[in-house]
Amino acid sequence: MKYHFNDIEAKWQKYWASNQTFKADNHSDKPKFYVLDMFPYPSGAGLHVGHPLGYIASDIYARYKRHKGFNVLHPMGYDSFGLPAEQYAIQTGQHPAKTTEANIKTYRRQMDQIGFSFDWSREVRTSNPDYYKHTQWIFTQLFESYYDKVDDKAQDIADLVKIFKSKGNKEVNAVCDEETPLFNAEQWDAFSIKEQQEILLNYRLTFLSDTEVNWCPVLGTVLANDEIVNGVSERGGHPVVRKKMKQWSMRITAYAQRLLDGLNTIDWPQPLKDSQTNWIGRSDGAMVSFEVKSEKLKAKSVIDVFTTRPDTIFGVSFMTLAPEHELVEKITTDEYKNAVEKYVQATAKRSERDRMADVKTISGQFTGAYAEHPFTKEQIPIWIGDYVLASYGTGAVMAVPCGDQRDYDFATHFNIPIPNIFKDIDISEQACEDKSAVMANSEFLDGLPAKKAIKRMIYEMEKLNIGTGKINYRLRDAVFSRQRYWGEPFPVYYKDGMPQMIDAKHLPILLPEIEKYLPTEDGKPPLGNAKTWYWDEKNNRVVSPPSGDLGDIYPLELNTMPGWAGSSWYFNRYMDSSNSNEFASKESLEYWESVDLYIGGSEHATGHLLYSRFWQKFLFDKGLVPVDEYAKKLINQGMILGTSAFVYRWDFESEDPQKSKKTIFVSKTKMEKIIEERKTIENSKKGISKNKISSSGTIEIPQPTTNNNWSHFTPIHADVSFVNASNELDVEAFKNWREEYKEAEFVTEPDGTFIVGREVEKMSKSKYNVVNPDDICHDYGADTLRMYEMFLGPLEQAKPWNTAGITGVHGFLKKMWRLFFIDEGLEKDPDYYKVDINDEKGYKWFASVKERFEVSDNEPTKENFKILHKTIKKVEEDIANFSFNTSVSTFMIAVNELTKQKCNNRAILEPLLILISSYAPHIAEELWEKLGHNTSISTAKFPVFEEKYLVESTKVYPISFNGKMRFTMELSLDLSKEQIEKDVLAHEKTQAQLAGRTPKKVIVVPGKIVNIVG
RNA sequence: GCUCGAGUGGUGGAAUUGGUAGACACGUUGGACUUAAAAUCCAAUGGACAGUUAUGUCCGUGCGGGUUCAAGUCCCGCCUCGAGUACCA
């Protein structure tokens, strides 16, 4: 019987679905295990072979854990809000929900085909109102919370109001905006409701504010920092400009330290942790105040600066403000007014990108104003310069040219003095950034190294009340508004310009229907086009605005939430995905607790993986989830790259216009030969006038016009589906691919084949190197696809896909299948026949081996057991290390060995099937059934490794001389070191190696190696 | 620039606490079975050299040093590639 993988796989996929084999129970005596994949955005292109890599790995793990007796939660869903569906809607008018639905269908079909053990009954979709209802609710919870620095957790904003009422905010230690005014209880009471609301917005964990945002005019929306790559939008590569807009933000900065600390408690890849650490960017230093004296300023003013090296303050010879700094206008003297304004305008014009790209040009302008050095009381000139960023620290620096390269360069450029404050260090060439340098010329700091000097300086500053120790973070609050349609609507309406939350019982606020998905004519977000988008406060529903007096009807928020809103908590939803009252019941949250294994791409390091940790910590603070880190272990799967195919177009000039019009493609080896020949010709300085290529007719090559410019080859992507395993192009298919290739000429190899060039690139439609898993499943089966993806290499590593190699894995599965069958000679194979009139019946039959299913119940041999238990041991180790590629090799070795041993014993093959069933579940189920089982193999007990089968009595010792292995020798493991040495030295080959010399030393490591020195 | 990761045959990749480098595959070559293909099976396959064969010798894990009886693995110094980040005070 042949291995009919297509039939077998369809059969078992149907079986698993109708029997709900992988449905996870929220009540079980078994220990729980939660295996999660990052859910996909369902894009229109469908899955390519790179996408399922992580899902296959997690599926193997999930299935393995079921065999090991765990109650496994292995869910899947869709991050179904997103830009592409909306862009498509703008172009075609098709509702994004429709596009998304269609894409999800494709995704689901493709995933089902690979045989994943997902519990689909728990599927989530972020664009589903049943789901985003809870996203909206979490948003309202963030709005109703502030961050208490004393308790170091989020608290109810209502508690804060109570404190304001009784004592004002002077004693409150909470995270809030820098500009929050101080007030006492009486003042608070005197504030209008609106004023009180405005103050509370400074404390809320999600808040409205005028923010400098990254505005992308082409996409018509703001972007978060992690959505910008190299100064342009991550999606589409459109330019991004800075713009001030009223936006919702998330006060993620309140959690900066806890997000850092939490990294120590989770088992995530170090590079990912590093990247989050860098993104949060903690720096320890001090805030220092400098008093400003300017003829223009009537009152004294103060410039605050942040520095990580307060100990270098005696080296300050100037200050620099960001051109955007609010004090610039106030302090600039009349004399410098024009020059400063000119400079400020010039920098404002330059885009952020230009400013970033151009790091080397030093520019700046003196303001005419001076600050007073807090210790020496000297006058320090105040400059502005675009190397100081408004968005970091206070937007102002105390410049220490001898200790900071940028300050040094600036000082050199503008001839500002460079006082030296380091002992025995020459700073004539560049600034000294060495922290071990000892201080000098610094009064009470003289002789101290940096670490001690910083401590001392902060102490002195705090004593004199001119500065204070401070920790600064690079992390910015996250902008949470998007000017898009296809996202979660905010549960927010505006009353007197102030945002009001809609009560939980009225959620979800459904996304309204609109006709046009573009911004409105007056530049409002797409929701501005909605006819029914007002809130009736009395009746608590969304309504159309009445004409005339609005009464209790208020406009709703026009922005929607960003993509990361829905993905920041979905892992909790899976625990209880059909719960309509709350995002998940307390009971289910406590049962499943957190993700035991999370698999996904490292590109989410500073996006999803940071935001979701933030939300989890917030939910934890509010007592809504039991743990404050939701994923104990995380693995980043590497990208599968494509192997692009290239044909080479021969471009040359010709006097004959007919010839130069002609498109000529040259086979790769041929091309290399031609290039080689040309080189030889050029080297010997001989010209040629003709180059005859016989296999494809004669092609005349024109006389070179110049030495270099006579002809060249242009690589052109060819679709990889036209190329076979030996890199031969299907020329006809290629010709039919494009109209302009129909008439092209092909210069082939002498044997008539046309060879393409290959190169590894990212898999993408535009490179025609995409391989569709559907095709692989059809040609080789899902089990082969699963095993081959694992076999390609280590899970975490990027690696190229090469369909040619898949035959190895496929052949292995066939070989394993044959272990269960007995060869009964040749038979007519009904699967392969074709009409042949010469045959007496009109058919010509093809012979194939007739095979009968049969396994033996006899006791296996010692050798059989040995190979089985070796395999059990290795596979368990491999799965524990996520080294799935090596376990595939192990299976191959096992099957090769068992085939050689002619083993068909049930006692060996049955456990072997369980081992392999996580990797190749369909074939395992089929053979399991043939073995007489009537339940799924998926919960069969994992075989137990027994050491006794591996115990050896002898060892083949490598005998090496001076570290070089020369021959092997089988010796009993019972031998003593001395006996081994004696036996080895007595061996004739040892004598031959020594050639009469006496060994200086003999190293014997019993069970390992013998090394003879001398 | 800074941080992190990686360099092993023609290719993808193996190699436990330092202990037989190249497992397992792909590809290539040769062979068997076939009228023929497909499928399947067998053998060879890091490089160089010597030998009729058996076999032997040398070189080999990015480069240069070092530690060790023994180094792909440990230490020091470089080079190259990849990822992240970027005037962060």
Side-chain angles (χ1 to χ4, degrees), chain A residues 2 229-230 269-279 281-283 285 305-309 312 320 355-356 358-360 362 385-389 391-400 403-407 409-410 472-474 602-603 605-606 639 643 725-727 758 788 791-794 796-809 811-812 814-815 818 826 829 832 846-849 874 877 883 885-893 896 899 956-968 992 999-1005 1007-1014:
Chain A
K2 267 183 62 97
V229 179
N230 295 328
Q270 197 55 43
L272 198 148
K273 286 186 181 183
D274 290 344
S275 132
Q276 290 206 345
T277 306
N278 291 338
W279 191 263
R282 175 184 159 131
S283 45
V305 299
F306 176 74
T307 175
T308 53
R309 294 292 304 271
T312 62
T320 316
R355 239 169 108 171
M356 279 188 336
D358 182 19
V359 182
K360 285 188 189 104
I362 296 161
D386 68 359
Y387 79 96
V388 177
L389 302 176
S391 56
Y392 184 78
T394 60
V397 299
M398 57 175 226
V400 184
D404 182 282
Q405 194 58 48
R406 291 155 308 170
D407 295 343
D409 295 341
F410 196 88
N472 221 14
Y473 297 92
R474 204 182 70 104
S602 58
E603 68 272 21
T606 53
M639 208 190 312
T643 313
S726 313
N727 294 335
R758 303 227 89 155
Y788 186 53
F791 188 60
L792 279 176
E796 305 200 54
Q797 192 178 300
K799 55 228 166 233
W801 176 268
N802 176 17
T803 305
I806 206 168
T807 53
V809 170
F812 152 73
K814 287 198 273 192
K815 199 166 175 179
R818 280 200 304 275
L826 296 177
D829 188 340
Y832 291 95
F846 291 88
S848 78
V849 178
K874 181 81 169 106
E877 283 167 6
S883 175
N885 55 327
T886 50
S887 37
V888 177
S889 301
T890 305
F891 289 133
M892 289 174 167
I893 294 166
N896 288 345
T899 304
V956 179
Y957 279 95
I959 311 300
S960 52
F961 292 79
N962 298 316
K964 280 177 194 160
M965 204 282 285
R966 292 305 182 194
F967 63 93
T968 57
K1000 281 187 198 139
K1001 204 171 175 186
V1002 179
I1003 311 278
V1004 177
V1005 185
K1008 283 250 155 107
I1009 199 167
V1010 177
N1011 191 20
I1012 297 163
V1013 188

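Sequence lines set the chain letters: A, B, ... in the order given, protein chains first and strands last, and positions in each chain run from 1. Scope of the values below: all heavy atoms of this structure, side chains included, with no hydrogens, waters or symmetry mates.
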Next on the checklist: Can you build the contact string for nucleotides 8-15 of chain B? Use B for base contact, S for sugar-phosphate-only contact, and - for no protein heavy atom under 4.0 Å.
Outcome noted: ----BSS-
Next on the checklist: Without decimals, in angstroms, what is the distance between Gln405(A) CD and C2(B) P?
Outcome noted: 12 Å
Next on the checklist: Just N and O in the side chain of Arg406(A): are any of them under 4.0 Å from OP1 or OP2 of C88(B)?
Outcome noted: yes
Checklist entry - Looking at residues at least two apart in the chain, or sitting in another chain, which of them share a side chain to side chain contact (heavy atoms under 4.5 Å, CB included) with Leu272(A)? => result Trp268(A), Pro269(A), Gln276(A), Ala605(A), Leu609(A), Leu634(A), Asn636(A)
Checklist outcome for this item: Among A89(B), A23(B), C88(B), the one nearest any side-chain atom of Val388(A) is A89(B)
Checklist outcome for this item: Of the candidates A89(B), C24(B), A86(B), the side chain of Val397(A) sits closest to A89(B)
Checklist entry - Which residues pass the ring pair (Phe, Tyr, Trp, His ring centres under 6.0 Å) test with Phe891(A), sequence neighbours left out? => result Tyr919(A)
Item to check | Partners passing ring pair (Phe, Tyr, Trp, His ring centres under 6.0 Å) against Phe410(A) (at least two apart in sequence or in another chain) | outcome: Phe318(A), Trp383(A), Tyr387(A), Phe414(A)
Item to check | Selection from A89(B), C41(B), U85(B) that lies nearest to any side-chain heavy atom of Ser283(A) | outcome: A89(B)
Next on the checklist: Can you tell me whether the side chain of Lys1008(A) and the base of U17(B) have a donor-acceptor pair closer than 3.5 Å?
Outcome noted: yes
Checklist outcome for this item: Of the listed U20(B), A25(B), C88(B), the closest approach to the Met892(A) side chain comes from A25(B)
Checklist entry - Reading nucleotides 63-71 of chain B 5' to 3', which nucleotides get B (base under 4.0 Å from a protein heavy atom), which S (sugar-phosphate only), which -? => result ------BS-
Item to check | G27(B) versus U85(B) - spacing of their C1' atoms, nearest Å | outcome: 41 Å
Checklist outcome for this item: note: Ile959(A), atom CD1; G19(B), atom P; distance rounded to Å ~ 17 Å
Item to check | Straight-line distance of Lys799(A) NZ to Asn885(A) CG, nearest 0.5 Å | outcome: 8.0 Å
Next on the checklist: Just to be sure I understand the rule, does Lys964(A) reach a base, reach only the sugar-phosphate, or reach nothing, if contact means heavy atoms closer than 4.0 Å?
Outcome noted: sugar-phosphate
Checklist entry - Which whole number of Å gives the distance between the P atom of G64(B) and that of U80(B)? => result 16 Å
Item to check | P spacing across the pair A71(B) / G18(B), given as an integer number of angstrom | outcome: 13 Å
Next on the checklist: Applying a 3.5 angstrom cut-off to the pairing atoms, does RNA chain B sit in any stems of at least three consecutive Watson-Crick or G-U pairs? List them by first number.
Outcome noted: B:1-7 with B:79-85, B:10-12 with B:24-26, B:27-32 with B:40-45, B:46-50 with B:55-59, B:62-66 with B:74-78
Checklist outcome for this item: Glu603(A) CD to G84(B) P, in whole Å, measures 10 Å
Next on the checklist: Of the options U20(B), U85(B), A89(B), whose atoms approach the side-chain atoms of Met965(A) most closely?
Outcome noted: U20(B)
Checklist outcome for this item: Note: for Gly395(A) and Val956(A) on RNA chain B, the residue whose nearest nucleotide lies more 5' is Val956(A)
Checklist entry - Hey, does Thr807(A) reach any base, or is it just sugar-phosphate, or nothing, if we go heavy atoms under 4.0 Å? => result sugar-phosphate
Checklist outcome for this item: Closest of C87(B), G19(B), C26(B) to the Ile1009(A) side chain is G19(B)
Checklist entry - For atom P, what is the distance between C87(B) and G5(B), given to the nearest Å? => result 24 Å
Checklist entry - Is the base of G13(B) syn or anti, if syn means a glycosidic angle within 90° of 0? => result anti
